[in-house]
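Notes follow once the structure below has been shown.
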Amino acid sequence: MTFLFEILERAALWVAGAALLVMGGIVTVSVVGRVAFNAPVPDDLIMVGLLMVAVILLPLAFIERTDGHIAVTVIADLLPVRVQAVLRAIGALLFAAFFGTMGTMVALKVPDEFTEALYYDGQLEVPTWPMKAVFAFGVALLVIRLAVRFVGACRSVVTGEPITAPGKSDPGAASGHQG
Amino acid sequence: MDPLSVGLIALPVTLLLLALRIPIAAALGVVASVGIFIIFAWRPGQEFQPDWAWQPTFSLLANSPYAFITSYTLSTVPLFIFMGHLAYEAGFTTDIYRAARLWLARLPGGVAMASVVGCGGFSAITGSSVACAAAMGRIAIPEMLRFGYSKALASGSVAIGGTLGSLIPPSVLFILYGIFAEQSIAKLFIAAIIPGLISLFAYLVVIYLWVRVRPDAAPVPEEEISRKERWDALSRCWAIIALFVVVIGGIYAGFFTPTEAAGMGAAATLVLGFVLARLSIGKLIAALRESVYQTAMIFAIAIGGKLFVNFIALTGMAAAITGWIEASDTSIFVVLGLIVVMYIFLGMFLDPIGIILLTLPLTIPIVESFGLSLIWFGVVVVKLLEIGLVTPPIGLNVFVIKSIVGDKVRLESIFAGVAWFFSAEAIVLGLILFVPALSLWLPQFV
């Protein structure tokens, strides 16, 4: 089960990468088309914007798995392991509550938009529901990963052993910062 | 309870949650959601009525973040990040460092200077300070240590040089600032060029003075470098120069919007990488994986930040603070001084994106009320955030360098090395603050 979930997390990361590549492709082809043939890609702005959903939401679970979500650790690191674990459990709960609520709200729109065949105004009439479904799927993966984190933190509270991030040594976990 | 009181309670609660290691995205998002709920449920002079709040709060949660992340303009961020990772995988970063090293090697602290110049060059095609420090750190620090450079100089110069990543365009921080402050990203990019170059020059001066005072910190490498080697190394930098010209030249000349420039830049890097046989499918996949990882991490915070901005707007805090400042007739210098202190303080503990999203809803209206340019203020804010990247106890760039050097250099040595540059940072910050023309001269031509 855990193995299957990890495959899903990785697959989501690959799909996000593919979405980024397609996004760059659409922007480039559109610019070249506009400059050379006065014909940009139809609905390029809509499609690029929608692909952002896949690029942003799908890797979130993998990031959580590799302990990559940014938090301020300067005070927490000074606390005993059990207290740290309590804080991690609370953090996982709050994270799941926020993203879970948001994901549920977005997911609830999908059935209606699907049955009503809603689409964005434009030449291609791009349907509105698929990326909302992707959004909900990305959030669902994240919430499951946060539940695993919560259980791990609770276990740590009981045993007093430090929490370990299973994927911390993964490539991709190394870069993890901005600024 | 009036909205202002809710806002005043929410700010310390947010800081408390952050201090308790709650992920920044969750802290901002949860406080904003609960705050919005309370504002709708507890209207001034009324009883607490949760039924009034469920629908508008859920509606905001369903619509605001989704609309935010599907913005075309925001796609500039992942595309620039992708471009930077591609350039790193293709080895363009190494080219710049090599050329700078061969040309500067005989100067006092020449290899450290080369690492700073390399950071400046890489900054021209990447939007992230930490990526810049990480990339240059892997290349330059081992070499400096091999030449007998002091650990503080070797690590400190790369940590500080990395801060150029966000100041010299393109820059993720400027894109986010531009979106949240509703300013032209193109103008922000152009505005940062001169301050970025001044910062780079200031770092070189510090290295020069450091080695003049303590020559043993940077022995001159005993190696013969021919003129041909120098010119060969320089000629290999054409790709990175071409990419900079395509991206920033394209924006400056009005050929592209920043988003288009990011797309074209990434595509050009990809094509150059494959044509020059310096990219493989494996490296492309690695660049994609790193890019989406970094993008998602940034936007998780930005989603929470977007709701936080909505929440602060509902509280009316910005208007209240602006009104208070106007009523108390506080000097503009005092206000700017307080803003600078606040950013430096937050920079000691928080990451730059968290700070930008936490503070802009409050600082932008204040700066606007004084009639100051928000383009200039953007440069000031990003410079302050960059200083925060190297200040203890939490200096992200310093920790990145530490993760690269491992046990070879102690964390204290890196901070000690960076400390040499603080006086230069203060002077450059003062120049940016008190000579707005440094930031505003170039954008007038866009």
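Sequence lines set the chain letters: A, B, ... in the order given, protein chains first and strands last, and positions in each chain run from 1.
- When only modelled atom types and interatomic distance are considered, A:E113 and A:T128 share a side-chain donor-acceptor pair under 3.5 Å.
- In A:F114, the CZ atom is not crowded: 12 or fewer heavy atoms of neighbouring residues, nucleotides or ligands sit closer than 6.0 Å.
- In this structure, the side chain of B:T269 engages the main chain of B:G265 through a donor-acceptor pair within 3.5 Å.
- Between atom CD1 of residue B:I356 and atom CD1 of residue B:I301 there is a gap of 11.5 Å, rounded to the nearest 0.5 Å.
- Annotation: maximal heavy-atom pairing with chain A below 4.5 Å, among B:L18, B:L17, B:L307, occurs at B:L18.
- Counted by atom type alone, A:T66 and B:Y293 present one or more donor-acceptor pairs between their side chains at under 3.5 Å.
- Contact count versus chain B (heavy atoms, under 4.5 Å) is highest, among A:M102, A:Q84, A:K109, for A:M102.
- B:A25 touches chain A through backbone and side chain together, each having a heavy atom under 4.5 Å away.
- Heavy atoms of B:P65 lying under 4.5 Å from chain A belong exclusively to its side chain.
- With a threshold of 4.5 angstrom between heavy atoms, B:A266 does not approach chain A through any atom at all.
- Neither the backbone nor the side chain of B:L176 comes within less than 4.5 Å of any heavy atom of chain A.
- Heavy atoms closer than 4.5 Å to chain B are found in both the backbone and the side chain of A:M131.
- If you measure heavy-atom distances from A:K132 to chain B, the contacts under 4.5 Å come from both the backbone and the side chain.
- Proximity to chain A (any heavy atom under 4.5 Å) is shown, for B:I355, by neither the backbone nor the side chain.
- Comment: A:E6 engages A:R65 in a salt bridge, judged by a side-chain N to carboxylate O separation of less than 4.0 angstrom.
- Ranking B:T163, B:I303, B:V77 against chain A, the residue ahead of the rest is B:I303, based on heavy-atom pairs under 4.5 Å.
- If you measure heavy-atom distances from A:A16 to chain B, the contacts under 4.5 Å come from both the backbone and the side chain.
- If you tally non-hydrogen atom pairs under 4.5 Å between each of B:G354, B:A300, B:S33, B:A262 and chain A, the highest count goes to B:A300.
- If you tally non-hydrogen atom pairs under 4.5 Å between each of A:V35, A:L142, A:I63, A:L87 and chain B, the highest count goes to A:I63.
- Using cut-offs of 30° and 60° on the angle between ring planes, the pair A:H69 and A:F95 is perpendicular.
- Atom-to-atom distance recorded for B:F311:CZ and B:L60:CG is 11.5 Å, nearest 0.5 angstrom.
- Ranked by heavy-atom pairs shorter than 4.5 Å toward chain A, the options B:A267, B:S75, B:S71 are led by B:S75.
- Distance check: B:I285 CD1 to A:L21 CG gives 10.0 Å after rounding to the nearest 0.5 Å.
- Applying the 6.0 Å contact sphere to CZ of A:R34 captures more than 12 heavy atoms from other residues, nucleotides or ligands.
- No part of B:L385 comes within reach of chain A, as not one of its non-hydrogen atoms sits under 4.5 angstrom from that chain.
- Side-chain contact of B:T259 with B:T76: a donor-acceptor pair under 3.5 Å is present, judged by distance alone.
- Most heavy-atom pairs under 4.5 Å with chain B, from the set A:D44, A:L79, A:L45, A:L57: that is A:L45.
- At most 12 heavy atoms of other shown residues, nucleotides or ligands fall within 6.0 angstrom of atom CG in A:D121.
- Between chain B and the options A:L58, A:D77, A:I26, A:V31, heavy-atom pairs under 4.5 Å are most frequent for A:V31.
- Counting heavy-atom pairs closer than 4.5 Å to chain A, the top-ranked of the candidates B:L288, B:L74, B:T73 is B:L288.
- In terms of heavy-atom pairs under 4.5 Å with chain A, the best-connected choice from B:F399, B:Y66, B:F299 is B:Y66.
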